[in-house]
Every structure is written in structure tokens, then in C-alpha cells.
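Notes follow once the structure below has been shown.
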Amino acid sequence: MSDQSYLALDGLTLGYGDTVAVEKLDLTIGKGELVALLGPSGCGKTTTMRAIAGLLAPSAGTIRLDGADITRVAANRRQVGLVFQSYALFPHLTVFDNVGFGLRLKGLKGAALRDKVEAGLTSVGLAAYAGRKPPELSGGQQQRVALARSMVMEPKVLLLDEPLSNLDARLRLDMRTELQRVQAQTGVTMIFVTHDQAEALSLADRIVVMRGGRIEQIGTPEEIYNRPVSRFVADFVGFENIFSIRDGRLWLGDAAVPLSASLPAAAGLAFRPRTVALGAGPLSGVVRGVSFAGSTREYVLDTSFGTIRADADASLPVHPPGTTVAFDLPIGQAACLKAD
Ligand SMILES: Nc1ncnc2c1ncn2[C@@H]1O[C@H](COP(=O)(O)OP(=O)(O)O)[C@@H](O)[C@H]1O
Ligand SMILES: [Mg+2]
């Protein structure tokens, strides 16, 4: 084993009865890495996590962790921690006893137990809350208790399945920072599941985009954000104008774009609204709608080949609905898609 393949999933196939949920998944994760699994609901994220945690036996493939084959090792012997979206705290136990629960099962007691629980609570900023019970805490505090409860077990890998999705927007941002801090402090290898691209982009060292039980793309946040390989990933990370390339022409659905620029050897091109150059160019559209979005105005244009979304600097004069606007699709600023 090298540190680059601390956790290795090899040909992992997972299902429920006759339903295949994840097919032949290959993924290696480095020691200390924070990897996000990103994808729409039902793409197999939770299923993959359950298999790593030992809660679901694969129908094919292997899981290796820290040099050992753990495919058939029982969940409680894997040294894999799992934090769910629902915190699953014991409401009648204090914060201290919730965090100490697993340690007690391992036989820890007295000062040894107290030291570990207190260190765990301190690491998530809850040292002063040891005597409270979960119902007396906010959602964000409960989530941090759940995090501390997993961390005190010193897992080799910590799995977090949509841990922030029950929190409001402000708390989610705080918890992102908190997770990054805990990870930087402890160096624990983390896999983080989310369906929120902003969360994945801001937190992860690498992002694994899943689709229909398979991996669509693996890359750094910059790679995923700037160089999506397919229409699916481009759509997921906010390229709202996605074209196919066929017969040396650009197509939006079944309509050809009247653009004579030479096209790259790719399956498609994707433009973010802000890269559409509004105000001049060989193409034109009629403004269907315009909405103010702070630093930009967001335009929806009707063109001869379909709907185009374009963002323009809000300091520029507004193009009112019903007016015709010239624009350009600067090929050099598009993402080149390998798969349509
Ligand atoms: N307990 C289950 N029984 C049968 N099918 C399931 C079960 N859990 C999940 N699935 C199916 O497996 C697929 C992947 O689900 P899941 O891993 O939960 O997706 P995600 O976490 O990405 O939303 C889906 O098609 C889902 O319907
Ligand atoms: Mg899920």
C-alpha cells in the first residue's frame, strides 16, 4: 500500500436484491485526503458509503484499507466512522455520554474515558456542553456532537453522509469551516457525500462525480468546475448553455447555431452564462427576461436556435425585455466536453 491508495475500492458492485445500485466502481483515496462524492439523488452515494462502512456486503469487488482487505471484515472492526445526516444521538444521554458511548463499549472508563471525551468535545468547540442533552442543543451543535462521537474512536476513515443537509444556510457554512479545521488538525481521511456542488467545491481535495451508480469524473475542484468532461457534469456545475458538436457544427438540441467559427475536436461545448459575450457579435436574441442579481444581471434570450442564458455586469446599461441584443459565444472560453 502507498499513502496514495490508503483506501482502495476495486470493481465494487453493490445492490439490493436484484437492483444494481453501484457497478464496478474503482476509486483510490490517499491518506489524509478529503474526498467529496457528488451526484444527484439515487446515484449510489449512500450505498457506496454503506459498503465502505461494512453495512452492505458487495456482490463483487474488494475494499482495502491501510494495506488490509476489509471486504469481509465486520463493521465494528473496520475502524471506519460514519456520520449520518440525521445525527442519531441518544436523546436521553448527556453530550458526554453520547460521545463516550463507543469508547465505553471498547472498555474505556475513568480518567482515560474522560480525557478522550473532553478532547473530542474541545476539538468541536463544545467543551462547555458536556452535561447537556441533545434536545437542549441547536442542530449545528448536535451535528458537532455526532462528529466528536465518531472522531474519538480514531477512525482510519471518516465517512460523512450529507452531514450538513439538515442545517440552515448560515450553519452549513460554519460547519464546512469546522470540518476543514477538524480534518486539518487530525489528518483523518474523510469521504464526504453531498448533492450540493458548492459544498463539494469548497471542501474537497478531490471530487468524485457519480451518475447512475458509476463514476462520471474524478478531479480537483478546479478541474471539475472548469473542465467538466461531459454534459452531465457541466450541467451539474452550472454551465447553463450546453451544445453538441456534430458534422462540424454546433447544435443546441436539434437546432444548428449559425456560427462560422472553427470548432475543437470535442463532443460538445459548454458556456457559463457569464462567458456569453452580450452586446456585440455574430448572433442575436430577443430578451425574454432579465433579473437583477447584485453584481450581474441575468438574461434569458430567445434565439433562432433556442434559449440562451447570459450574465452581464450590472453596471452596464440594461437591455429591456423585448429588445434584440447581439451576442457572441467565445469558443475559447467554453469547456470542451469529451462526452455529450
Ligand atoms: N434499501 C434499499 N432497497 C432497495 N433499493 C435501494 C435501497 N437503498 C437504495 N436503493 C436504491 O439504490 C440506488 C442508489 O441509492 P442511494 O445509494 O441511496 O443513492 P444516493 O445516496 O446517491 O441518493 C437508488 O436507485 C435507490 O433507489
Ligand atoms: Mg444518500
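FYI, the numbering just counts along the sequence from 1. Every number for a ligand or one of its atoms is a count from 1 in the order of the listing.
Taking the charged nitrogens against the carboxylate oxygens, R227 and E222 have no contact shorter than 4.0 Å, which rules out a salt bridge. At a threshold of 4.0 Å, the pair K133-E136 does not count as salt-bridged, since none of the basic side-chain nitrogens sits closer than that to a carboxylate oxygen. Note on D66 versus K31: no salt bridge recorded, every NZ/NE/NH1/NH2 to OD/OE distance being 4.0 Å or above. For the pair E298 and R309, the salt-bridge criterion is not met [side-chain N within less than 4.0 Å of a carboxylate O]. The pair R274-D313 does not meet the salt-bridge criterion, since no charged nitrogen lies less than 4.0 angstrom from a carboxylate oxygen.
Regarding atom 10 (N) of ligand 1, its nearest protein heavy-atom neighbour is Y16 CE1, 3.3 Å. Of all protein heavy atoms, the one lying nearest to atom 12 (O) of ligand 1 is A21 CB, 3.4 Å.
With L160 as the fixed residue, the side-chain contact (heavy atoms from CB on, under 4.5 Å) test singles out one of V193, T194, L147, L203: L147.
Residue G44 has at least one N or O atom closer than 3.5 Å to an N or O atom of ligand 1.
Within the listing of ligand 1, atoms 14 (C), 15 (O), 16 (P), 17 (O) sit less than 4.0 angstrom from a heavy atom of T47. Near T46, the atoms of ligand 1 lying under 4.0 angstrom from a non-hydrogen atom of the residue are 17 (O), 18 (O), 20 (P), 21 (O).
At least one N, O or S atom of T46 sits under 2.8 Å from the Mg ion (ligand 2).
Judged by the 6.0 Å distance and 45° axis criteria, R272 is positioned over the aromatic ring of Y225.
In this structure, atom 27 (O) of ligand 1 has its sub-4.0 angstrom surroundings free of protein heavy atoms. Distance remark: protein heavy atom present below 4.0 angstrom from atom 14 (C) of ligand 1.
Proximity annotation for atom 20 (P) of ligand 1: of G213, A51, G42, G42 comes nearest, heavy atoms only.
Heavy atoms of S41 come nearer than 4.0 angstrom to ligand 1 in at least one pair.
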